[in-house]
Student: 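Mind looking over this structure? Questions follow.
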Number of protein chains: 2
Amino acid sequence: MKICIIGCGSIGSLYAAHLARVVDVYAFVRRPEHARVLNESGLRVSGSHEFAVSLRAASDPRELPAFDLGIVCTKATQTANAIAPVAHLFRRGAVISAQNGLGGEEIIAGLTGGYVIRGTTFMSGTRHSDTHVQYELDTATWLGPFEPTNTPYSLVREAADLIVAAGLKAEALEDARPAQWSKLIFNASVNSVAALTGLPHCRLFSDESGSSSLGHLLHALIDEGKHVAAALGIALHEDPWRMNCVGAQTDHPPSMLYDVNHRFRTEIDFLSGAIVREAGRAGVSAPLHAAMWRLVRGKEASWTLQSQGRN
Amino acid sequence: MKICIIGCGSIGSLYAAHLARVVDVYAFVRRPEHARVLNESGLRVSGSHEFAVSLRAASDPRELPAFDLGIVCTKATQTANAIAPVAHLFRRGAVISAQNGLGGEEIIAGLTGGYVIRGTTFMSGTRHSDTHVQYELDTATWLGPFEPTNTPYSLVREAADLIVAAGLKAEALEDARPAQWSKLIFNASVNSVAALTGLPHCRLFSDESGSSSLGHLLHALIDEGKHVAAALGIALHEDPWRMNCVGAQTDHPPSMLYDVNHRFRTEIDFLSGAIVREAGRAGVSAPLHAAMWRLVRGKEASWTLQSQGRN
């Protein structure tokens, strides 16, 4: 069995290292230097798990065989660019989207023409270098069929079993949308507020003591997201408001805060933007998520204006 | 006749200089050094008008007489601190609030116990130093009675006539709320979007070409503001959406963008916050202005967290 991990950030490195213990793993990465050091030194995992493995890596698609399974671990914004050069290698295989938000599955399916699996992961890690990742939260990846490609549930089970055999947690679900939407609503709300305020996920996110308190906005965003999910007939797996209250104890900087601080393009189109698109499909409105989407896009546009010296 | 200008930023300096040509003007300022140079060198106006005047200035209230008229020109956030030490000097006079937003009038009335006049100014200027202000837009100040103090309309007319005699534009109105609310809705919408995105008032603010375009958010904020005004029985003087479309041609950086770039406390409580409070009074909701209010307050809170080294 041959597996390809597409993108080796912290999540991709965790999948690649664990799976390399049980099957043939190839990492497809953007930078030639990244591929070179992975081939030379392999990957080391520290933290919750401690081990080192060797694996194959390439930045040139011509060095890669056909695959039985792929796991896409890039930023949602890079999905199309990352998959396009290797899409033909998955014609007979399945591809898991393990990315943030919603919309990656459509892009993958459009490019490979094969089966796609919805993946939602709660694992977390810190990438210390190209060859060293620290495993933090040892939590599950939820997998389910992507409906438009008619992915057989047996294939989802096989993928989940493989991830479990590799030493990670995974669960196959007949319908992964309740899990995916719980994380989507949580992520869209917390990430956009963090990106616009500059705040880490701190206690202010659950503070509803005054009329100008930020917790009211989080609550309203989450309620609006639940309303969209309900209109689509999706019963949530977990309550995003409770997820927010737990996260608000951590002072963790959400990934979109990191992105705006470094002026990287954010995943807002796949988070707030996805909620707005799905709301439109369901015939309901999502004015608050639309506001967050437009504000973050405006913030991204300000970097271009500034670099043109207009501001 | 004795007039006191409270706060000599660009707007305060423009009133002080022009009025000093026709009446006794005293400037009440926070910094002793500011008072000293104004007393020594007077004020110079350049740009749309060109002249220089001498005037009296003080940072110590004991150096000031009782006044017939005051014009408060501080940031809305500084109203209480600026008025409190001189409030007793206006017991028999009237005070104009020439500040951004809504809510300054209540604070002034509570402190002086005298007549208050709603002021909304469209003048603009750039303050080059303590003694030099450049006059830019030679546009009107709209004046009207502040209803709770039962200010006689004759007093409003007198104040407007005086400002006109000094060479500025002014208009007395039986009801100044239509003018004040036009500017409030415009200012709350444009300032909060600029503060959160980092964008100057540029063409993106009126762009409605795509579903993520920022113009949709401005339009929704302005419509929500109009809805609140209508619920309060206020017919607007000017359409804030048209004001936005004109301003979007200028690339002008709104004052709240300057404030957040310098980590100064913003006027958001008197802009978006005021719309939310008035909506509550009228029994309607203003969820988008509430979102902007809470986001900007969250942004202000992030500076404290960062200076505590928590982020």
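Below, each value reflects all heavy atoms present in this structure, side chains not excepted, and no hydrogens, waters or symmetry copies. First the proteins, then the strands, lettered A, B, ... as listed; each starts at 1.
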Student: Just so I know, are the side chains of B/L295 and A/L295 near enough to count as touching, which here means a heavy-atom distance under 4.5 Å?
Tutor: yes

Student: Which value, rounded to the nearest 0.5 Å, describes the distance between B/K299 atom NZ and A/L214 atom CG?
Tutor: 12.0 Å

Student: Do other residues, nucleotides or ligands put more than 12 heavy atoms under 6.0 Å from the CZ atom of A/R30?
Tutor: no

Student: So for atom CZ, which belongs to B/R127, do other residues, nucleotides or ligands contribute more than 12 heavy atoms lying within a distance under 6.0 Å?
Tutor: yes

Student: In Å, rounded to the nearest 0.5 Å, how long is the span from CZ of B/R297 to OG of A/S212?
Tutor: 4.0 Å

Student: Given a strict heavy-atom distance threshold of 4.5 Å, which part of B/A301 is in contact with chain A: side chain, backbone, both, or neither?
Tutor: both

Student: Non-hydrogen atoms of chain B under 4.5 Å away: do they reach the side chain of A/L196, the backbone, both or neither?
Tutor: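 Contact with chain B involves both backbone and side-chain atoms of A/L196.
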
Student: Do A/L204 and B/S302 have side-chain heavy atoms sitting under 4.5 Å apart?
Tutor: no

Student: Would a 4.5 Å heavy-atom cut-off, applied to side chains only, mark B/S211 and A/V276 as touching?
Tutor: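 They are not in contact (no side-chain heavy atoms under 4.5 Å apart), so the answer is no.
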
Student: First locate atom CZ of A/R294, then atom OG1 of B/T197, and finally report the distance between them rounded to the nearest 0.5 Å.
Tutor: 14.0 Å

Student: When only pairs under 4.5 Å are counted, which of B/G215, B/S213, B/A290, B/G280 shares the most heavy-atom pairs with chain A?
Tutor: B/S213

Student: Can you name the nearest heavy-atom pair linking A/P287 to B/L288, along with the distance?
Tutor: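 For A/P287 versus B/L288, the nearest heavy atoms are O-CD2, 3.9 Å.
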
Student: Can you tell me how far apart CG (B/L199) and CH2 (A/W303) are? Round to the nearest 0.5 Å.
Tutor: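 One finds 11.0 Å between CG of B/L199 and CH2 of A/W303.
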
